[in-house]
Amino acid sequence: MSDTYTSRTLREITRIVASRFHGVVLIFLAVVIFIAAATIVSPRWYRSHVTLLARPGVAGNPLEASEAGVLRDNVSLFVMTQREIVASDFVLASALMKLDGLPVAPEAPGQAASWYGSPRVGAFIRENAKRLRQLKEQVSVVTPGGPDATFTQNFTIRVDCSTSAKTMPEGRRDSSRQAAAMRAHDLAEAVKEAYLMRFAELESRRSRQALDLLENQALASARLRLEGAATAFRDFIDNELRGDLLQVINMVGGRAVGAETGDASLATRFRGEINKLDEQIAQVGALRAAIDKELAKSDDADLVIPDAVTAGNPSIQTLQAKIIDAKIVLNSLVPRYTDAHQEVSHTRGELALVQADLRGELTKQSDRLAQELAVLQARRAVLAGRVEEDRRRVDELAGKVARYDQLQRSVESAQAIFNEEQRRVVSAVTAEKLAQNPVLVSTLDDATYPDPREPRRPIIWLNLLIAALGGLVLALAYAFLADHFDHSIKSVDEAERYLGVPVLASVPRIRGRIISHT
Amino acid sequence: MTELASAQRPSDVRLNARAQEAYHGLWASLFYSGRPIGRTVMFAAAAEGEGVTTTACGLALAGSLPAGSSRVALVDFNFRHPCLHEVLGLRAGPGVGEILLKGLAPDAAMQPVCQGLDFYPVGQVGSRVADVLRSQAVVELMTTLGGGYDHVLVDVAPVNQYPDAAVLASAIKDVVLVVQADRTPREAVWQARKRLESAGAKVVGLVMNMRTYPIPEFLYHRV
């Protein structure tokens with residue numbers, strides 16, 4: 001007996017177990033016996049199989065999947081869907097109602113949908129929720145060998161039924177093995193029929209929905225609207241716009257940048273010119289009026305020439321200079337000589353001549369101004385006419401632009417509606433393909449009759465093994481916990497460690513009397 | 001050899017052979033190992049039923065062997081639940097109670113058990129246990145007995161339940177605590193030790209009583 005750490009630990013463990021050996025053995029045996037008894041007493045199960053085959057309704061691969069992986073995904077998705085359908089409340093409730101002897105049929109022939117929505121099924125589901133839950137645990141769908149990479153797939157509905165038979169109607173709870181095996185078969189058959197009915201109903205509903213999508217009138221009306229809008233637009237361009245097309249497009253495009261390109265700028269441009277012409281006409285008119293006023297005087301000597309006239313006419317300037325010269329000569333001669341003096345009279349005559357010339361010149365000038373005035377007024381009339389014409393044209397163009405704009409918008413919105421409808425139609429086409437290729441599910445093997453002599457027996461040695469392990473763990477846990485919470489003094493070491501007092505001796509427990517006397 | 005020793009007894013009080021072996025060991029480790037220990041030793045336990053009476057009695061029987069090797073006095077101070085006389089098959093009185101209260105001579109109360117072992121029974125004290133234990137008479141009795149014997153062994157009531165042992169500690173300094181293995185919690189023993197020491201006594205050591213060995217022998221030698 002060495003005293004290493006390991007052996008001391010081992011001895012401690014042995015002590016803990018040995019000091020509560022009876023309790024440990026009791027717990028261990030209790031667990032094992034309980035599990036063994038439970039295993040033996042537990043109801044026996046029988047399993048019935050229904051094998052079904054799913055394949056496309058038309059020849060050829062409906063899924064057009066060239067890659068095996070995609071196909072496999074589709075198939076496993078299909079099987080998963082079938083699993084959901086089989087485990088659905090409606091299918092299981094239909095099966096149970098059939099077993100219970102209740103009528104299981106659509107209320108109107110060829111209308112399976114009404115059966116699934118009918119309040120009778122809903123009421124049955126509510127009343128038998130517990131049975132349905134149990135049945136759901138008994139039914140499973142499997143694909144033997146996993147999903148195939150081909151487009152036919154067989155799958156199996158498995159129904160387990162025990163001798164305790166809680167899901168069955170009251171009259172069929174016979175606990176004999178014969179009855180249990182029979183029940184498994186009947187249940188499997190009922191589930192299969194309910195499933196097939198449900199599947200056919202779902203399949204027809206799916207194809208109907210696909211056709212509904214295709215027969216949708218919305219696309220046609222959208223197309224008509226689009227065509228109408230396009231025609232109206234084209235007619236407008238051909239018949240009404242003609243040469244103005246480019247300008248209208250420019251205006252529609254430029255309208256966004258600035259609205260001043262139309263009649264307004266045209267008017268301001270011409271308005272300046274007209275104003276300038278009006279000013280000139282006024283000037284020329286005033287000048288001519290001044291000249292005409294002078295000309296109206298009878299005496300030539302009284303003629304006063306306006307500065308504006310003098311500035312623009314060199315011959316008048318010459319004549320005026322001559323008049324001034326003649327007047328200066330005359331002024332120098334008059335004090336010295338009488339009127340009869342030859343030179344005086346000669347100068348006077350000359351002066352009168354020059355003045356007469358001036359009058360003539362002014363008259364000519366007046367005529368010239370009249371001509372100029374006429375020219376200016378003619379130009380002004382022309383300009384005003386053009387402005388008027390432009391305004392009219394601009395008004396006309398604005399109307400066309402508005403119409404063009406409106407037509408363009410209607411075409412655009414019709415196009416958008418049409419595109420949306422077309423997008424829906426693309427999905428409808430896929431639906432159509434599916435509708436034309438329904439999946440058919442048919443029965444390969446009817447529900448099997450399990451052999452009453454061969455139930456699915458529990459693996460007793462495995463259960464016992466688990467029980468033994470569990471019992472061991474429980475018993476050891478008990479021993480160690482009890483030891484941990486037991487503070488009594490168990491050894492000399494412990495006494496000295498906890499109390500700090502030497503142990504003088506340890507007296508063993510002695511059976512019988514220690515001290516006896518007669 | 002032990003059978004022979006028992007056979008030598010004049011009286012018919014007999015000690016189990018295995019027990020005798022164990023008590024011899026205890027005697028040796030108490031008195032022959034050079035411990036600083038007086039002639040008078042008190043045997044106490046933390047709680048009732050630990051086997052104090054049996055231990056004191058067995059030790060006295062084993063210590064007085066071989067016959068006449070030493071003179072031992074066994075005194076019953078357990079006024080609460082006296083049973084030493086029943087174990088030995090002797091009278092319960094007059095005894096210590098009468099000596100302390102009425103001044104009875106110790107010799108008059110003494111009952112011989114065998115050669116070298118005298119027994120002083122508990123006697124009668126009524127309800128005045130604490131007063132009696134506190135009196136000077138106790139000290140006088142102990143002195144007298146200490147003068148007359150080599151060893152005086154005293155049985156007393158449980159420490160944690162009665163104050164007797166703590167009161168008596170003023171007269172008897174050395175205490176041996178008897179502990180039943182696998183039963184008394186260490187906290188209780190600790191408590192008893194603390195009480196005794198605060199009363200002025202000295203806990204010489206422990207006796208582990210009724211010790212069991214849970215590991216079977218064949219396993220014990222393997223692990």
Side-chain angles (χ1 to χ4, degrees), chain A residues 1-27 475-476 478-518, chain B residues 11-30 33 35 51 53-55 57-59 61 87-90 113 176-190 193 203-216 219-223:
Chain A
M1 186 175 69
S2 57
D3 202 36
T4 60
Y5 177 77
T6 319
S7 77
R8 235 181 309 161
T9 312
L10 202 59
R11 217 175 304 146
E12 182 73 4
I13 291 169
T14 318
R15 183 189 63 72
I16 288 169
V17 175
S19 63
R20 290 181 173 77
F21 192 66
H22 297 297
V24 167
V25 169
L26 205 67
I27 290 175
L476 287 183
Y478 153 74
F480 278 86
L481 276 179
D483 190 75
H484 181 259
F485 289 112
D486 178 11
H487 281 192
S488 69
I489 293 164
K490 297 177 198 75
S491 67
V492 176
D493 281 353
E494 212 170 302
E496 291 183 347
R497 178 155 25 114
Y498 287 118
L499 301 168
V501 176
V503 174
L504 301 170
S506 57
V507 180
R509 180 188 288 274
I510 291 161
R511 311 227 170 263
R513 295 187 72 86
I514 295 170
I515 299 156
S516 52
H517 58 85
T518 48
Chain B
S11 90
D12 41 9
V13 176
R14 241 182 260 130
L15 190 60
N16 180 294
R18 265 185 80 197
Q20 189 175 350
E21 206 177 314
Y23 290 129
H24 265 301
L26 174 57
W27 185 271
S29 78
L30 252 185
S33 333
R35 287 179 200 278
T53 303
T54 313
T55 303
C57 188
L59 185 64
L61 283 168
V87 171
L88 289 168
L90 298 171
V113 177
V176 170
L177 273 176
V178 179
V179 175
Q180 183 176 338
D182 294 335
R183 178 182 171 219
T184 321
R186 53 185 182 243
E187 290 83 2
V189 183
W190 179 262
R193 187 194 151 196
V203 176
V204 179
L206 295 179
V207 174
M208 284 193 61
N209 200 18
M210 300 193 216
R211 176 94 193 274
T212 55
Y213 299 89
I215 307 181
L219 263 180
Y220 190 80
H221 290 293
R222 280 177 173 75
V223 294

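Labels below follow one simple rule: chain letters A, B, ... track the order of the sequence lines, proteins then strands, and each chain is numbered from 1. This structure is a prediction, so every number in the text was calculated from the model and none was measured.
- The candidate with the highest count of non-hydrogen atom pairs below 4.5 Å against chain A, out of B:Thr55, B:Thr184, B:Leu206, is B:Leu206.
- Contact check for A:Ile514 versus B:Leu15: side-chain heavy atoms found under the 4.5 Å cut-off.
- Heavy atoms closer than 4.5 Å to chain B are found nowhere in A:Val17, neither backbone nor side chain.
- Atoms OG1 and CZ, from B:Thr212 and A:Arg15 in turn, are 9.5 Å apart once rounded to the nearest 0.5 Å.
- Here the CG-CD distance, from A:Leu499 to B:Glu187, works out to 9.5 Å after rounding to the nearest 0.5 Å.
- The most heavy-atom pairs under 4.5 Å with chain A, out of B:Ala22, B:Ser29, B:Gly205, come from B:Gly205.
- Between B:Pro214 and A:Ala18, the closest heavy-atom pair is O-CB, 3.4 Å.
- Contact of B:Arg193 with chain A is made through the side chain alone, with heavy-atom distances under 4.5 Å.
- Within the 4.5 angstrom heavy-atom criterion, only backbone atoms of A:Arg513 (N, CA, C, O) approach chain B.
- Counting heavy-atom pairs closer than 4.5 Å to chain A, the top-ranked of the candidates B:Leu30, B:Val176, B:Leu88, B:Val204 is B:Leu88.
- A:Glu12 CD to B:Ile215 CD1: the interatomic distance, rounded to the nearest 0.5 Å, is 8.0 Å.
- Counting only heavy atoms from C-beta outward, the side chains of B:Val189 and A:Ile489 approach each other to under 4.5 Å.
- Scanning both residues, B:Arg186 and A:Glu494, for their nearest heavy atoms gives NH1-OE2, 4.0 Å.
- For the options B:Asp182, B:Leu26, B:Val207, heavy-atom pairs under 4.5 Å to chain A are most numerous at B:Asp182.
- Summarising the geometry of A:Val503 relative to B:Met208, their closest heavy-atom pair is CG1-CG, 4.2 Å, with the distance given to 0.1 Å.
- Contact annotation: the side chain of B:Gln180 approaches that of A:Arg509 to within less than 4.5 Å [non-hydrogen atoms, C-beta and beyond].
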